[in-house]
Amino acid sequence: MYFTEILVMRTSQYLLSTLKETPASAEVISHQLMLRAGLVRNLASGLYTWLPTGLRVLKKVENIVREEMQRAGANEILMPMVQPADLWEESGRWNDYGPELLRLNDRHKRPFVLGPTHEEVITKLVANELNSYKQLPLSLFQIQNKFRDEIRPRFGIMRSREFLMKDAYSFHLEQECLEKTYQKMFDAYCRIFDRLGLNYRPVLADTGSIGGDASHEFHVLADSGEDDIAFSDASDFAANVEKAEALAPQTERAEPTQTLTKVATPNVKSIDDLVNFLAVDIKTTVKTLLVCGIENEQGETPIVALVLRGDHQLNEIKVEHLSQVASPLTFASEEQILAVVHCNAGSIGPVGLSIDIIVDRSAAQLSDFVCGANENDQHLTGTNWQRDCSTYQVADIRNVVAGDPSPCGQGNIVIKRGIEVGHIFQLGTKYAEAMGCAVLNEGGKNQTLTMGCYGIGVSRIVAAAIEQNHDKYGIKWPKAIAPFQVAIVPMNMAKSARVKETAEALYEQFNQVGIEVLFDDRKERPGVMFADHELMGTPLLLIIGERNLDAQQVEVKNRITGEKSLLAIDDVMSLFS
RNA sequence: CGGUGAUUAGCGCAGCUUGGUAGCGCACUUGGUUUGGGUCCAAGGGGUCGCAAGUUCGAAUCUUGCAUCACCGACCA
């Protein structure tokens, strides 16, 4: 434990800083409550100062993460936030990372970056420090501020530019060993979120451009989440919709019954327009999207057509994995569209196209469908694959939707929102190769290491916990991360010597036993004190008043359940045993 | 990056249409009052109205530019 907890706390010596009114700039509930309860203050877009109460929570999350990482066998280190640019050139990310990477120069005009992540630094470190396979496997982690120059910071602490992250990296000679550590980390993550008291789910995730074989995200379930998670209603299956496979329909494609007919569709530009104009079911229409393909040897960029059922949405990640399509995904410009199909975007269809056509599995199952005619203000009805368009490839290129069969084979898909608070993946050799990270193996040969990488958004967890645990009075902290375990709330202490004596005595006892207590010794009316402590979410309130002192009792109020009960003063400590 | 909106006291807002000595509520200070759920009364302190230029005798108010903050979008076929 690296953080020394300060137990002694009186409100008269404490920066309470609660707000009665919600600042106008706060949109989501966690942001509002973090401002109102005095956890954070905004400095600039996406930059926050942590006040005492917020910092206590942040440190508690941090400590749970630290303990479980240590238990999983990882060593803690601390790397600089400012990193030399040449490391990023070595890995290739100086060019690849884009504008999220904040670049700066020092006084000698040497280029640096503000670290959005630390793969380069740690891989370089390990490349320098390790020589032999005998030193493997090795896991290292740090808890560090990261900076990502987000296009649009939003939702307060949930998507800020500077944020606290735990990032861990493991190094191995063999894939098999990496898989073992990966599983260990997976288990450690589950223990972390269990201990934090959050409702979370590990979900299958896309490995992104980094590649690698396995990846899981850990999501805290909350309606305000930014990610869609696909669950099976009949099994443990859970996957990010980016990743969830949309299965091909089980049924055979129906035989054509209609003839191909061109119909005039003036001013019909979108699928919605089309459905309204022709009064057809959206599920009998297809949309055709033109995107840029991979540049060929002549330096030309071919255009590729993607065909989806009208009601389905394109999954960019799946498309980027296709060999014909350029990554990152780029839609064809108006000029490119005109050059290929001689019509506007709203009238494109697969019939008669002489470019690569990739059809989603569901769209490929349609018969007698409606599509663009590749002529302005014209569409085709009664279109059928094979008969009217025979050269195409079928692939999974859409997002799953609620009700789809689950790819695990059991049940149907349900979609919920999640806040991504953790991400683990098997990196492979990408960075180790680029940074020359290798050791001598048993045969005395140089062997490049394979890596795993494991992140947790520490500050984001604080916001996610609030999103999941609040009511109209304020925050309801899970016990493990509450800033204080108990608040002493004396009624009219200024006038009653008995109340003051009792409150002071209990405060002293809590301090001796090491229970984090906030003693409200302000000269405030009871309502003000109650409101502040409920806003801050302290799990237990100890209310001391003349009313119950004759019977040597105090009142205990549970913030989570709302239950109130009377307790003999002598029994108060038993609440915490 | 595109669109929209905002910027006046620590916070929440009014004033701007129709230019003429900057206001309200909360918070803060002082005195009194009250004391088991955000008391009440009284007296105070606090603002170069985001910045810059322009119009005008005179600008929070009109014009132009800039900055900052926020929201929506970045899937259009």
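Chain letters run A, B, ... following the sequence lines, proteins first and then strands; every chain starts at 1. These numbers were taken from a predicted model, which means no experiment stands behind them.
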When all nucleic acid strands are considered with a 4.0 Å heavy-atom cut-off, which category describes [X]: base, sugar-phosphate, or nothing?
| X | answer |
| --- | --- |
| A/Lys557 | base |
| A/Glu316 | base |
| A/Ser45 | sugar-phosphate |
| A/Ala24 | sugar-phosphate |
| A/Leu289 | base |
| A/Glu534 | base |
| A/Asn374 | nothing |
| A/Gly545 | base |
| A/Asn344 | nothing |

Nearest-angstrom distance, [atom1] atom, [N] to [M]:
| N | M | atom1 | result |
| --- | --- | --- | --- |
| B/A74 | B/C16 | C1' | 35 Å |
| B/U7 | B/A43 | P | 31 Å |
| B/A6 | B/C51 | C1' | 16 Å |
| B/G45 | B/G37 | C1' | 30 Å |
| B/G31 | B/A22 | C1' | 28 Å |
| B/G65 | B/U55 | C1' | 15 Å |
| B/C69 | B/U8 | P | 14 Å |
| B/G47 | B/C57 | P | 31 Å |

Picking from [options], which would you name as closest to the side chain of [X]?
| X | options | result |
| --- | --- | --- |
| A/Arg36 | B/U35, B/A77, B/G38 | B/G38 |
| A/Pro23 | B/C75, B/A74, B/C11 | B/C11 |
| A/Gln313 | B/C75, B/G36, B/U35 | B/C75 |
| A/Phe331 | B/G36, B/C11, B/A77 | B/A77 |
| A/Pro526 | B/G36, B/G38, B/G12 | B/G36 |
| A/Ala44 | B/C69, B/C1, B/G38 | B/C69 |
| A/Ala531 | B/A77, B/C75, B/G38 | B/G38 |

Between [N] ([atom2]) and [X] ([atom1]): distance, integer Å:
| X | N | atom1 | atom2 | answer |
| --- | --- | --- | --- | --- |
| A/Leu19 | B/C28 | CG | P | 12 Å |
| A/Ile348 | B/C76 | CD1 | C1' | 9 Å |
| A/Met493 | B/U34 | CE | C1' | 17 Å |
| A/Leu306 | B/A77 | CG | P | 13 Å |
| A/Glu242 | B/C75 | CD | P | 13 Å |
| A/Met536 | B/G37 | CE | C1' | 16 Å |
| A/Asn399 | B/C75 | CG | C1' | 10 Å |
| A/Leu35 | B/G12 | CG | P | 10 Å |

For B/C26 and A/Lys20 - does any side-chain N or O of the residue sit under 4.0 Å from the phosphate oxygens OP1/OP2?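 Answer no for this pair, as no side-chain N or O of A/Lys20 is under 4.0 Å from OP1 or OP2.
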Quick one: is A/Arg152 getting a side-chain N or O under 4.0 Å of the B/C72 phosphate, OP1 or OP2?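 Yes, because at least one side-chain N or O of A/Arg152 sits under 4.0 Å from OP1 or OP2 of B/C72.
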Once you round to the nearest 0.5 Å, how far does OH of A/Tyr14 lie from CG of A/Asp521?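 Result: 13.5 Å between the selected atoms.
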Taking pairing as Watson-Crick or G-U wobble with both contacts under 3.5 Å, can you name the mate of [N], or confirm there isn't one?
| N | value |
| --- | --- |
| B/A22 | none |
| B/U63 | B/A53 |
| B/G36 | none |
| B/C16 | none |
| B/G47 | none |
| B/A70 | B/U4 |

Identify whether the distance between the nearest side-chain nitrogen and carboxylate oxygen of A/Arg417 and A/Asp227 falls below 4.0 Å.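 A/Asp227 and A/Arg417: not salt-bridged.
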For A/His31 and A/Tyr48: C-alpha separation, side-chain torsions, deciding distance, then whether ring-ring contact (aromatic ring centres under 6.0 Å, His included) applies. CA-CA 11 Å; A/His31 191 196; A/Tyr48 293 85; 5.7 Å; yes
Cation over ring, A/Arg56 on A/Trp50, under 6.0 Å and within 45°?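 Ring-cation test returns no.
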Can you name the closest pair of heavy atoms from A/Pro490 and A/Met493 and give their distance?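 Scanning both residues, the minimum pair turns out to be CG-SD, 3.7 Å.
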Under a 3.5 Å cutoff, is there a donor and acceptor pairing between the side chains of [X] and [Y]?
| X | Y | result |
| --- | --- | --- |
| A/Asn558 | A/Glu563 | no |
| A/Gln324 | A/Asp356 | no |
| A/Asn384 | A/Asp368 | yes |

More 5' along RNA chain B: A/Arg525 or A/Tyr473, using each one's nearest nucleotide?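 With A/Arg525 and A/Tyr473 compared, the 5'-side residue is A/Arg525.
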Along RNA chain B (nearest heavy atom to each residue), the more 5'-positioned of A/Asn492 and A/Pro153: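 Taking each residue's closest nucleotide, the earlier one in sequence belongs to A/Asn492.
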With no angle test and no hydrogens, is the base of B/G38 tied to the side chain of A/Glu524 by a donor-acceptor pair under 3.5 Å?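 No, the side chain and the base share no sub-3.5 Å donor-acceptor pair.
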Polar pair under 3.5 Å, donor/acceptor by atom type, side chain A/Asn548, base B/G36: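 Under the 3.5 Å cut-off, the side chain and the base do form a donor-acceptor pair.
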By the definition side chain to side chain contact (heavy atoms under 4.5 Å, CB included), identify the one residue from A/Thr285, A/Thr284, A/Val286, A/Asp360 that meets it with A/Leu366.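 It is A/Val286; the other options fail the test.
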